[in-house]
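What follows is a set of notes on a single structure, which appears directly below.
Everything quoted here is computed from the prediction, not taken from an experiment. Protein chains get the first letters and strands the later ones, always in sequence-line order, with residue 1 at the start of each.
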Amino acid sequence: MAKETYNHYEIEEAARTKWDELGIYETNLNGETDAEGAEKDPYYLLVEFPYPSGDLHTGHWYAYAMPDIYARYLRMKGKNVLFPFGFDAFGLPAENAAIKRGLDPKEWTYANMENMRAQIKRMGASFDWSKEVVTCEPEYYKWTQWLFAKLYEHGLAERREAPVKWCPVDQTVLANEQVINGHCERCGSEVEEKILTQWFMKITSYARRLLEDLEVLPWREEIKDAQRAWIGESEGARLQFPVKDVSLEDLGVSIEVFTTRPDTIFGATYVVIAPEHPLLDTLMPAVLNASEVEAYKAATEKKTERERSENKEKTGVRLEGVHAYNPATYDVVPIYVADYVLGTYGTGAVMGVPAHDERDFEFATKYNLPKIEVIAPVFFDQNNMPLEGKETITRNATISIVHDANSNLYLCLKWKQQGWTTFVTGGVDEGEEQLEAAKREILEETGYKHVRLVRELGHTSSQFYAAHKDENRIANNTIYYFELENDDQEEIDPRELAKHEPVWLTEEEILAAGMQHAEFMHFWSRLKSGASAATTGDGILVNSGIFDGRENREAMGDIIEACGGQRVTQYRLRDWLVSRQRYWGCPIPIVYDPEGNPHAIPPEHLPWTLPTDVDFTPTGKSPLATSRELHERVERIFGPGWTPEYDTLDTFVDSSWYFLRYLDAFNPEAFSDDKLMKEWMPVDRYSGGSEHTTMHLLYARFFTKALYDLALVPVSEPFLERFNRGLILGPDGQKMSKSKGNVINPDELVQKYGADAVRLYLAFIGPYNEPGSYPWNLDGVEAMRRFLDRIYRLSAKIETCATAAVNTASEEFTRAFAKAAAKIASDIERFKFNTAISALMVLVRDLESFETIPADKYRDLLILLAPFAPHLAEHLWEQYGAGADAQGEVESETTTSVHQTSWPYQGVQIEDELATVIVQINSKKRGEIQLAKEGSQEEALALARAIPAIADLLESKPDTRVIYVPGRILNFVG
RNA sequence: GCCCAGGUGGUGAAAUUGGUAUACACGCCUGCCUUAGGAGCAGGUCCCUUCGGGGGUGGAGGUUCAAGUCCUCUCCUGGGCACCA
């Protein structure tokens, strides 16, 4: 057969022209009715608008052509779909183009947008361009400014000092992402921090609600988890450590620490404050080694935050001459300044609990600070687990490891009845000291009289069932390590000997014996190598005064109270710094009076336009400061001595509300329309990249909540559903980049195979509803084009009149179509375009097996194809679609579009088919039978008898157990 | 280090959510057609097999009549957070 294909240039261009002429993608936001006059459901489908960087890459295709499948499908399902587009047009690249190549940022941006519009239209995406939003247009940023002013008015935007990243060579402020390992991305010089007065949005005051409201959102848990981690809620307490000077006189100040583990306070052996802590200056007069401390502080200031955390070796300086008091123990503890404590989190000070915090452990080890164990880890004896319903007896106990240096053997007890081996162990009697008890037990059980304590190995709490007493035991153990001084031995009481006899074992024998202490490895490793790590888990309080013996979690509240602390919830989330010392952004709508106080620019002066007479040369100041026009404007409007704000807003502010503007893009009176927001918000589904899971999504949620509280927006969550797409990699499986030379240019592919083939390929590459990554495979595009050609060629089989062959197949056709339509629909709804296309391929293959195809079925095929390959579907629809008469003859004038049809076979009941039931013996397939889906077990058994193996089985073992799942499986188990 | 998500043919991936593992496609192999093939068409393609079957979803156990799917442990890969007390 000769190669028969379609001319994608012609048909794709023609289809797009037709759509434009018909204006079928312009959404009537005030509502639309269907053919029956019923109101259509509104559906707001949103994609992240792009930054106009220049030209379109494969990522853009993936981001925009895929949701378009869904948009087209929804329209066919009778929804009134809003699928808008715009540009996030402020941003750094435009300014860089200005600096590097002397281009006007505005011209550069607008030229890029012009270019990208044409490219995006070539995808055949059904965006409604009539509502296009461009954030750098004064008509848009007027409202960004208006909203900022509203937030400022209500105390949600405020000015304060904050450090910025500063490149001393380029004389410019850098964004965090421009700092690579503490060095400037462009010139490689070391980045410094500079303190500037800047604007913040108080997102932290919404932390709780941003967290809480996540619960009800039907987003994927991974996305929610990422947001939760970003917000970083920690429950804990603030505790005061009063400061005393060298003569232990009260200085009248306290170091307030934040801790999530107030239960460990009895183990706090020092206090650390961050180098930037304001209290440091207060204490300085009393500090004896002030110059050393100052030097440390200065050294830290030079470091960037990243450098501070990169150098894992902890450093710090002790403040000589001042001390803090542990509010629980009243012990004097040293105060350190150390940069492992962050000034920006909690109170900027922590209590050091080396025994139970890994960082403190490391610090204390380096500076030789005491480690006091206050939590005994709990061990359950796996062989004698506590039994439910039994009484629980708690008692103090000791475990003693006695070592004989001469023989290098360890003293153990061999238990006669139980056959196990333990160290010398026993309970502490009423009124007895732990150490006394340990020595007494050694004497009683082994007869040795002279042992010398080497050290205490720590505490544990063992829980087990004591069979001889029929009760559960909690033994709060202290573990001791003794050295045998001499062989002096008393006679051992025969009653003790009857239970167990003392034996001397080597280390190897001990390890081989499997000592009957659940916590054996815990203290044995401490004996061998000392405490080498902090124990951070829960357990029983020890060395904690009146709280001894209680569970740490349970006692937490009482401990906080006893120390005069207060419970607090702390967030990792920081306030949102929105000031940018940049030109190409939305000017912050603030002016300063002659005293330097900020004032919001009144609405009548908005938009507060970006001046054009600026110098982009990096000088260290915001470019706006070089504008004469801006200064004159401020003085003219507000009076002499008034000055402008020179910073512009972070572009994340622009994108935090654009979805509201789409609803009313040209409203000169308001940022959006109340009624339309009520009708269309929240966005039904928001599709975007996983890189925006935290910042953009969180900022937009914050904005929406803040505006909701100001009664400006009717919803408190902007996005009902959120889908993160995957990543398209180069053919080598690497991220596409020019330097790797693995960039796939979509334009060339479109030229060669057509937009439909590229769309189909991207849809087929993998599921769109999860963020995987997919290497590009050129053969795949070709395959998709082949598939489209097959559909094109299939038109030759359209039968003009109903032939006998078609009639017999007709029911089969209908069933195949109804099934395919339902499958494709549910796949599209879940963004599983890959399996939807696979179903389409199966359908086409089935159709190809027939000599002829009824015209109406071919039309149905075109409708199912339309969301994926909108151009070809449109072209073929013109040939064989609605305009074609019952005889299948082509009429030249076709007025409607395939994209205005409705989804076929909706609500069509697929007739009961015979189901294939697998017949198994012992879960191994032995045959299959056909019967009705709801067929009874008797019917199934009757049919199964036709299978020889089953007949044999039923013959020899008629009472074999049968498991029958209708429509699925018939399993004989014997 | 912590928190997620995943590991299925040579490759991208399916699997009605516990019921025939590998649909659909790429690649590869064979054949047909062709002056030709980077075109088209037809067939084959998890492994072993004595052709009866047997094994197989990163690895080891477990639950179940039945496990890619559930449970425990473990090893890799990708993503997020990271001195956040």
Side-chain angles (χ1 to χ4, degrees), chain A residues 1-5 220-230 232-234 236 257-262 264 272 274 305-306 308-314 338-342 344-353 356-360 362-363 536 570-574 690-691 693-694 724 727 733 760-761 764-767 770-784 786-787 789-790 793 823 826 832 834-842 844-845 916-925 927-928 949 960-965 967-974:
Chain A
M1 192 200 275
K3 173 177 156 184
E4 225 186 300
T5 183
R220 288 177 71 107
E221 276 309 306
E222 305 96 272
I223 302 179
K224 293 197 204 179
D225 280 344
Q227 290 219 349
R228 288 188 192 111
W230 192 265
E233 187 178 72
S234 300
V257 304
F258 170 72
T259 176
T260 55
R261 296 293 303 274
T264 63
V272 196
E305 218 166 287
R306 196 172 297 201
R308 252 171 90 162
S309 58
E310 237 171 30
N311 188 6
K312 290 282 179 189
E313 169 88 2
K314 289 188 175 33
D339 69 1
Y340 83 90
V341 173
L342 307 175
T344 48
Y345 182 78
T347 59
V350 303
M351 63 183 198
V353 186
H356 303 291
D357 181 279
E358 274 161 31
R359 295 149 304 184
D360 297 342
E362 193 192 324
F363 190 79
T536 54
Q570 192 67 44
Y571 297 93
R572 181 165 29 222
L573 184 71
R574 309 295 154 89
S690 46
E691 69 274 24
T693 302
T694 42
N724 282 355
L727 207 62
L760 221 52
Y761 172 69
F764 192 66
I765 202 165
E770 46 193 78
S773 29
Y774 311 101
W776 188 278
N777 174 7
L778 275 175
D779 293 326
V781 191
E782 214 168 287
M784 293 304 127
R786 268 204 300 271
F787 173 61
D789 278 330
R790 274 164 62 199
R793 266 181 259 133
K823 160 105 177 119
S826 85
K832 295 194 63 157
N834 54 336
T835 49
I837 290 172
S838 144
L840 205 54
M841 286 171 166
V842 172
V844 168
R845 191 187 56 194
T916 302
V917 171
I918 304 307
V919 181
Q920 302 176 324
I921 296 174
N922 287 328
S923 307
K924 293 266 159 65
K925 185 180 169 185
E928 51 185 59
T960 306
R961 188 177 157 207
V962 176
I963 288 160
Y964 175 60
V965 182
R968 295 264 165 83
I969 216 108
L970 179 66
N971 193 6
F972 295 88
V973 185

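Figure legend. rU22(B) is base-paired to no nucleotide; pairs are counted as Watson-Crick or G-U wobble with both atom distances under 3.5 Å. Remark: rC32(B) base-pairs with rG40(B). Criterion, Watson-Crick or G-U wobble with two distances under 3.5 Å. The partner of rA14(B) is absent, by the rule that a Watson-Crick or G-U pair needs both atom distances under 3.5 Å. Pairing for rG61(B) goes to rC71(B), judged as Watson-Crick or G-U wobble with the two contacts each under 3.5 Å. Across the strands present, rU8(B) finds no partner; the criterion is a Watson-Crick or G-U wobble pair with both atom distances under 3.5 angstrom.
One atom, CD1 of Ile837(A), and another, C1' of rC26(B), lie 14 Å apart when rounded to the nearest Å. Distance, Gln920(A) CD to rU20(B) P: 8 Å, rounded to whole Å. Computed from coordinates, the Asn922(A) CG to rG53(B) P distance equals 15 Å when rounded to whole Å. Distance NZ (Lys823(A)) to P (rC24(B)): 12 Å, rounded to an integer number of Å. Atom CG in Asn971(A) sits roughly 10 Å away from atom P in rA67(B) (whole-Å rounding). The CG atom of Leu760(A) sits 17 Å away from the P atom of rA13(B) (whole-angstrom rounding). In this structure, Glu313(A) places its CD atom 13 Å from C1' of rC83(B), rounding to the nearest Å. Rounding to whole angstrom units, OH of residue Tyr345(A) and P of rC81(B) are separated by 16 Å.
Of the P atoms belonging to rC70(B) and rU16(B), the separation is 12 Å, rounded to the nearest Å. Spacing between rU74(B) and rC47(B) at atom C1', rounded to whole Å, works out to 26 Å. For the P atoms, the distance linking rG10(B) with rC48(B) amounts to 11 Å, nearest Å. Using atom C1' as the reference point in both rC32(B) and rC24(B), the two lie 25 Å apart (nearest Å).
In this structure, Thr264(A) and Met351(A) have side chains that are in contact, with non-hydrogen atoms separated by less than 4.5 Å. Between Asp357(A) and Arg261(A) there is no side-chain heavy-atom pair separated by less than 4.5 Å. Side-chain contact between Glu222(A) and Glu770(A) is absent, with no heavy atoms from C-beta onward closer than 4.5 Å. Side-chain contact between Tyr345(A) and Thr347(A) is absent, with no heavy-atom pair separated by less than 4.5 Å.
Residue Ala229(A) is classed as having no contact, given no heavy-atom separation below 4.0 Å to the nucleic acid. Ser690(A) comes within contact range of no nucleotide atom at all, as no heavy-atom separation falls under 4.0 Å. Among the atoms of the strands shown, only primed sugar atoms or phosphate atoms (P, OP1, OP2) are found under 4.0 Å from some heavy atom of Ile765(A). Among the atoms of the strands shown, only primed sugar atoms or phosphate atoms (P, OP1, OP2) are found under 4.0 Å from some heavy atom of Val842(A). Using a 4.0 Å heavy-atom cutoff across all strands shown, Arg786(A) reaches sugar-phosphate atoms only and no base atom. Note on Lys832(A): only backbone sugar-phosphate atoms sit closer than 4.0 angstrom, heavy atoms only; bases stay farther off. Within 4.0 Å of Val973(A), counting heavy atoms only, lie sugar-phosphate atoms of the nucleic acid but no base atom.
The nucleotide whose nearest atom lies closest to any side-chain atom of Pro767(A) is, among rA13(B), rA85(B), rG80(B), rA13(B). Here the nucleotide nearest the side chain of Phe764(A), chosen from rC4(B), rC81(B), rG12(B), is rG12(B). Nearest to the side-chain atoms of Glu222(A) among the listed nucleotides rC26(B), rA66(B), rC4(B) stands rC4(B). Among the nucleotides rC4(B), rC41(B), rA14(B), the one closest to any side-chain atom of Thr835(A) is rA14(B). Closest contact between the side chain of Tyr774(A) and the listed nucleotides rG12(B), rA85(B), rG19(B) involves rG12(B). Closest to the side chain of Arg790(A), from the set rA85(B), rG55(B), rC41(B), is rC41(B). Comparing atom distances between the Arg968(A) side chain and each of rU17(B), rC26(B), rC24(B) picks out rU17(B) as nearest. In the set rA85(B), rC26(B), rC65(B), rC65(B) carries the atom at the smallest distance from any side-chain atom of Ile963(A). Checked against rC26(B), rA85(B), rC65(B), the side chain of Val341(A) finds its nearest nucleotide in rA85(B). Checking rC83(B), rC24(B), rA39(B) against the side-chain heavy atoms of Met841(A) singles out rC24(B) as nearest.
Between rG55(B) and Lys924(A), a contact under 4.0 Å exists linking OP1 or OP2 to a side-chain N or O. At rC24(B), one or more side-chain N or O atoms of Arg845(A) fall inside 4.0 Å of OP1 or OP2 (strictly under the cut-off).
With Tyr761(A) contributing its side chain and Trp776(A) its backbone, the two residues share no donor-acceptor pair below 3.5 Å.
Applying the 90° criterion around 0 to the glycosidic angle, rU74(B) comes out anti. In this entry the base of rG9(B) is syn relative to its sugar, with a glycosidic angle within 90° of 0. Applying the 90° cutoff around 0 to the glycosidic angle, rG59(B) is assigned anti.
Note: Asp360(A) CG to Thr536(A) OG1 = 11.5 Å, rounded to the nearest 0.5 Å.
Nearest-nucleotide positions on RNA chain B place Ala783(A) closer to the 5' end than the other of Trp230(A) and Ala783(A). Comparing Arg961(A) and Glu928(A) by the nucleotide of RNA chain B whose heavy atom lies nearest to each, the residue mapping closer to the 5' end is Glu928(A).
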Review point. Please walk me through it: do Arg790(A) and Val844(A) pass side-chain contact (heavy atoms from CB on, under 4.5 Å)?
Key: CA-CA 8 Å; Arg790(A) 274 164 62 199; Val844(A) 168; 4.1 Å; yes
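Remark: Asp789(A) does not engage Arg786(A) in a salt bridge, criterion side-chain N to carboxylate O under 4.0 Å.
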